[in-house]
Asks: 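Below are the structure tokens for one structure; questions will follow.
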Amino acid sequence: MSLISITRRGVLAAGTALALSIGAMSGALAQSPPGVLIVGQIAEPKSLDPSAITALNDFRIAFNVYDGLVRYKDGTLEVEPALATDWTISEDGTEYTFNLREGVSFHDGSPFTAEAVKFTFDRMLKEDHPYYDTGPFPLSFMMGAISAVDVVDDLTVKFTLNEPYAPFLSNLAYSPGLIVSMEGVKQHGAEFGRNPAGTGPFKFAEWRSNEAVVVEANADYWDGAPELQAIVFRPITDANTRTAEMLAGGIDLMVEVPPVALSEFQGDAYTVHEQAGPHVWFLILNAKEGPFADKLVRQAANYAINKTALVDEVLEGTAAVAAGPTPPAFAWAYNEDLEPYPYDPEKARELLAEAGVEGAELTFYVTEGGSGMLDPIAMGTAIQADLEAVGFDVKIETYEWNTFLGNVNPGLEGKADMAEMAWMTNDPDTLPFLALRTEAWPDKGGFNSGYYSNPKVDELLEAARVATDQDERARLYKEMQVIVQEDAPWVFVANWKQNAVTSDKVEGFSLQPSFFLLLDDVVKN
């Protein structure tokens with residue numbers, strides 16, 4: 001489960017000939033010319049309308065075509081100015097006034113103004129807006145705190161929130177915060193996603209279905225023209241085919257390298273990149289009924305599972321053991337004092353004896369795959385063996401991803417004792433607020449499928465959401481993590497380290513903790 005969806009294993013292999021409209025190149029295995037970067041994507045994008053997309057695969061293109069008012073600072077999840085040069089926040093935290101960058105134009109030639117900012121957000125949020133029907137806008141809830149967007153003058157825009165909302169700036173740096181061309185939407189309507197126009201470092205050039213999306217350098221980019229002349233995003237859904245293309249020189253940059261293929265890219269011809277992101281893989285435990293209603297039993301499960309073996313052997317070192325509900329990628333909010341539950345089966349047996357639990361039968365929901373779920377069947381099987389080694393009797397039920405979500409999201413009551421899950425988010429508020437609060441139980445519309453409830457955690461999360469001082473927010477989140485780790489509503493398993501590989505022709509590339517693919521500083525020799 002995540003705000004961004006990753007399809008790690010597809011069913012179609014691209015492998016079709018690539019005939020670029022730019023540069024001189026033909027054939028999927030041809031060597032691409034200098035200045036043209038060929039990226040092996042994991043799937044065909046659904047759309048390039050940043051207000052409408054939800055998938056990381058689509059974000060990887062969109063964030064090279066569009067800008068937001070703010071963006072994440074290189075290598076961090078800290079917000080810095082982008083199309084806004086600066087901003088002020090009212091004392092009560094409900095009004096954000098942005099001064100906009102002067103002299104910026106969209107790729108279609110229309111000017112970037114406060115009116116374009118207002119259009120972008122009103123289009124998503126107002127059902128009576130004349131272009132609301134060019135959606136749907138599934139991530140617009142991230143902007144749900146906005147009650148009004150007002151144009152102060154051409155280069156000043158004011159957002160009014162219905163209450164203080166600390167994640168607001170971080171959400172503006174995410175996909176639904178990217179600013180679209182008002183004239184582009186008016187011209188193309190619901191087809192804007194196939195005819196995108198932003199203000200970013202690259203301009204959309206061509207989209208050939210199941211073959212390539214091509215973007216060209218924006219020579220007039222406000223933050224300096226990119227080094228590359230063009231980027232070609234090729235959908236190659238089968239990971240083995242993507243690996244073979246990378247080895248053959250048909251692509252210059254490959255994302256999401258299968259763990260088993262990493263050894264293929266040793267040596268000077270390639271560079272393997274890794275970057276931790278805000279991802280956490282965990283087991284939801286049913287705290288409402290059954291054995292996991294007892295905290296001691298939940299803690300026993302955390303001691304019983306050999307998480308180091310999972311990340312080192314099943315995931316071949318592509319993840320780190322998780323210590324709690326907040327990923328370490330949120331450095332400012334992460335509690336570094338927390339240590340993961342160690343693998344200690346004897347301690348687990350002691351806790352089960354103290355709880356008076358012996359031979360408990362567990363129903364364990366496992367998915368075949370899904371967003372950020374890594375290798376869920378192999379991981380589920382290993383977890384089953386570890387739990388049975390300390391005395392549980394574990395029955396696995398395996399489901400296709402969407403069927404799995406249909407079972408888990410409404411809550412585990414009456415159905416299962418535990419379920420796999422993973423989330424990737426952009427702010428330390430999102431996951432705990434949606435999945436750990438009492439008010440987030442499924443019957444109240446949230447994703448707290450294990451029915452965890454702790455009034456102190458509720459209080460801390462509510463306070464963190466309205467605190468505009470980041471140091472105070474950090475203190476609240478760190479206190480929350482200590483309580484949640486002790487309560488053990490989940491088994492905290494892994495934080496995924498995203499990866500990519502580049503050829504020796506590529507310089508200046510790095511992965512971002514946001515999971516976005518930012519290519520304006522990349523050089524292709």
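Quick caveat, the model's predicted, so the values are computed rather than measured.
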Asks: Ala166: which residues meet the side-chain contact (heavy atoms from CB on, under 4.5 Å) condition with it, sequence neighbours left out?
Replies: Arg473
Asks: How would you list, by chain and number, every residue that makes a side-chain contact (heavy atoms from CB on, under 4.5 Å) with Pro164, sequence neighbours excluded?
Replies: Thr94, Val466
Asks: Among all residues two or more places apart in sequence or in another chain, which pass the side-chain contact (heavy atoms from CB on, under 4.5 Å) test with Ala301?
Replies: Phe292, Leu387, Val491
Asks: Can you list every pair that meets salt bridge (charged side-chain N to carboxylate O under 4.0 Å, His left out) and has a residue in residues 320-341, with sequence neighbours left out?
Replies: none
Asks: With distance as the sole test, does Asp312 use its side chain to make a donor-acceptor pair with the main-chain N or O of Gly317 at under 3.5 Å?
Replies: no
Asks: Indicate yes or no: at least one non-hydrogen side-chain atom of Ser514 is less than 4.5 angstrom from one of Tyr174.
Replies: no
Asks: List for me each residue that meets side-chain contact (heavy atoms from CB on, under 4.5 Å) alongside Glu462, sequence neighbours excluded, and say none if there are none.
Replies: Phe433, Arg437
Asks: Check whether the side chains of Gln512 and Asp74 place a donor and an acceptor atom closer than 3.5 Å, and report yes or no.
Replies: yes
Asks: Quick check: does any side chain N or O of Asp458 sit under 3.5 Å from a backbone N or O of Glu439, one acting as donor and the other as acceptor?
Replies: no
Asks: Compute the ring centroids of Phe282 and Phe492, then answer whether they are less than 6.0 Å apart.
Replies: no
Asks: Per the salt bridge (charged side-chain N to carboxylate O under 4.0 Å, His left out) rule, what does the pair list look like for residues 481-493, sequence neighbours excluded?
Replies: Lys295-Glu486
Asks: Is the closest side-chain heavy-atom distance between Glu274 and Leu511 below 4.5 Å?
Replies: no
Asks: Where is the tightest heavy-atom contact between Lys288 and Asn286, given as atom of each residue plus distance?
Replies: N-OD1, 3.0 Å
Asks: Do Leu262 and Thr318 come close enough that some side-chain heavy atom pair is under 4.5 Å?
Replies: yes
Asks: Indicate yes or no: at least one non-hydrogen side-chain atom of Thr326 is less than 4.5 angstrom from one of Asn335.
Replies: no
Asks: Quick one: does Asn306's side chain have a donor or acceptor within less than 3.5 Å of a partner on Tyr343's backbone?
Replies: no
Asks: Is a side-chain N or O of Asp429 found less than 3.5 angstrom from the main chain of Leu461, in a donor-acceptor match?
Replies: no
Asks: Check this for me, if you would: do Glu80 and Lys73 make a salt bridge, where the nitrogen-to-carboxylate-oxygen distance has to be below 4.0 angstrom?
Replies: no
Asks: Are the charged groups of Lys46 and Asp58 less than 4.0 angstrom apart, N to O?
Replies: no
Asks: Does the side chain of Pro196 come within less than 4.5 Å of Asp49's, by heavy atoms?
Replies: no
Asks: Measure centre to centre between the rings of Phe168 and Tyr96, then say whether the value is under 6.0 Å.
Replies: yes
Asks: May I ask you to check whether Phe515 and Tyr72 place their ring centres under 6.0 Å from each other?
Replies: no
